[in-house]
Each structure stands twice: as C-alpha cells, then as structure tokens.
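The structure under discussion appears below in the form of structure tokens.
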Amino acid sequence: MRTPLIAGNWKMNKTASEAARFARELVQSPLSTAAIDIVIAPPFTALAAVRDVLGETSPIGLGAQNLHWEDRGAFTGEISAPMLKDLSCRYVILGHSERRAQFGEQDDLIRKKILAALTHGLNPILCVGESLSERESGATNAVIERQLKGCLTGFEPSQLGPLTIAYEPVWAIGTGKAATPEQSIEVHQLIRRTLATGWTTSVASGTRILYGGSVTPQNVESFLASPDIDGALVGGACLQVDSFASIVRLAQTRIGH
Ligand code: 13P
C-alpha cells in the first residue's frame, strides 16, 4: 500500500524566525499524522530552525527544495546531501519546474541529484510536468515520458523504493488554475505505465505519485478521491498553518479508504 503524502514546498518564503513560528503553530494545531506522511520543505536557511521545533523524530518530515550532486567541494553557493542529512532532512524536492525554467536544470543533471539523494538516504520527490504550449500542442505524454526516462535512466528497480514523483503541470503552478482531476489521473496513469515498462510493475505500483499545481483546501478532495493520486505537493496554500493543516485533514478523511 502506498502511504499518502502531503508535502508543502515553501519555495523562497519565510525567514528562519518566521519558519520557526510556523512550525510551532503547526505542531500545536489539531493535526493527526495517522495514515499519512506529511512533509514541509522550507528554504535551506530555515531548515535548522524548523528541525529544532519539530525535533528529530517528528512524524512531520523535513524536506529541502534542492541539493548539489557532489558531497563537498568548490561549488560556491551550493548545498550537498550530507549537509541536508546532518540537518535531519528526510526528503528533497528535485527537478521542480522553477529550477528547470529559471536555473537551466536538465534531466541528466536532475538524475545526478537523485543519485546523490538516494546515496545519502534522502527520499527524492521528482517533479515532472508539461508547459502550456506543450499541452496545447498535444506533447504532454511525450514530455512526461522524456522527463521520467531522462531523470531515472540507469537506476535499478531496487534503488527506487524511496522515490516519489510529483506531476506538476507548469501551467497550473501558482496560477489558481489547477488541472482537472481527469487531466491529472491521465498523466498519473501514464507515469505508472512508463515505470512499469522502463523498470518493473512493482516499481510502478509502489511509487507514490502526487499532484501539484494550485492545490487548495477547496480542491484537494477532488484529486485525492482517485486511487491514482497518492497525495499533493502544495505551494501557495502551504504557507499558512490553517490552510496546510486543512489540506492534511481533508486528505486523511478521503484517502486510504
Ligand atoms: P502552487 O500550489 O502555488 O501552485 O505551487 C505548486 C508547486 O509548485 C509546488 O511545488
């Protein structure tokens, strides 16, 4: 059984002190962690502050938003997997469309980052998704397959247990125009087929696939009603404790039943 996952990608939001306040409010909010995995991914500068509030064994997992594929060295401004592990990070978001579009990240580089994450015991959340023009030109499936193959080529099925995939259509991110559950389900099924043919059926059935893009407390249930959608990667709506906690609660009442 795939445990549902609700992950909050804070992007470049909140100072360390704002993040600590958020974490204190989150742990004090009436939030059950039963039957679900919860992850928050603050900026690098806030990881230690959030870890100090959550504690190292919190059921709320700590995630980073990126890493460098080397362990150490002359890479000014970069952060490595061992550094994240040392801060009690358990997850790392990789290949987000904002990194692809604004920082030139391509599939082969993302593959190296996934390898670094897996090598150091971090659970990668790999983001894939098509742009609006790619969708409108009917290229969605080809883009998703290319991204999956480009990012995951060379991994043995036995390595991929910790992997989560997030389908985040670029046109749905931060626009208030979420994909429809039908559009999302179609791509989630394509992702599973690609994992089955490129790796194994157990990789396909065991990998969590999240939907991301304008997820809110208002629409999250419509996605999670489908057995094909294992959770959500939330941006804007994860920045307030109330809305993030509501998304978690709604997910708990709708999925896994
Ligand atoms: P929004 O929820 O703000 O659309 O962002 C989604 C996202 O990019 C999460 O990684």
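First listed ligand is number 1; within each ligand, the first listed atom is number 1. The figures here come from the full heavy-atom set of this structure, side chains too, leaving out hydrogens, waters and symmetry mates.
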More than 12 heavy atoms from other groups under 6.0 Å of CD on Gln106 = no
Can you pull the side chain to side chain donor-acceptor pair (under 3.5 Å) pairs that have at least one residue in residues 135-156, sequence neighbours excluded?
-> Glu130-Arg135, Arg135-Tyr167
Assess the pair Phe22 and Trp10: is the distance between their ring centroids shorter than 6.0 Å?
-> yes
Please check if the side chain of Tyr211 supplies one atom and the backbone of Ala179 the other of a donor-acceptor pair under 3.5 Å.
-> yes
About how many Å separate OG1 of Thr200 and CG of Leu160, when rounded to the nearest 0.5 Å?
-> 8.0 Å
Present, as a list of atom pairs with distances to 0.1 Å, all nitrogen or oxygen contacts under 3.5 Å between ligand 1 and the protein.
from	atom 1	to	atom 2	distance (Å)
ligand 1	2 (O)	Ser214	N	3.4
ligand 1	2 (O)	Gly235	N	2.9
ligand 1	3 (O)	Gly236	N	2.8
ligand 1	4 (O)	Gly174	N	2.6
ligand 1	4 (O)	Ser214	N	2.7
ligand 1	5 (O)	Lys11	NZ	3.3
ligand 1	8 (O)	Lys11	NZ	2.8
ligand 1	8 (O)	His96	NE2	2.8
ligand 1	8 (O)	Glu168	OE1	3.3
ligand 1	10 (O)	Asn9	ND2	3.0
ligand 1	10 (O)	His96	NE2	3.0
ligand 1	10 (O)	Glu168	OE1	3.2
ligand 1	10 (O)	Glu168	OE2	2.9

Answer yes if Ile173 and Val220 sit in the same cluster of Ile, Leu, Val, Met, Phe, Trp and Tyr residues linked by side chain heavy atoms under 4.5 Å apart, and no otherwise.
-> no
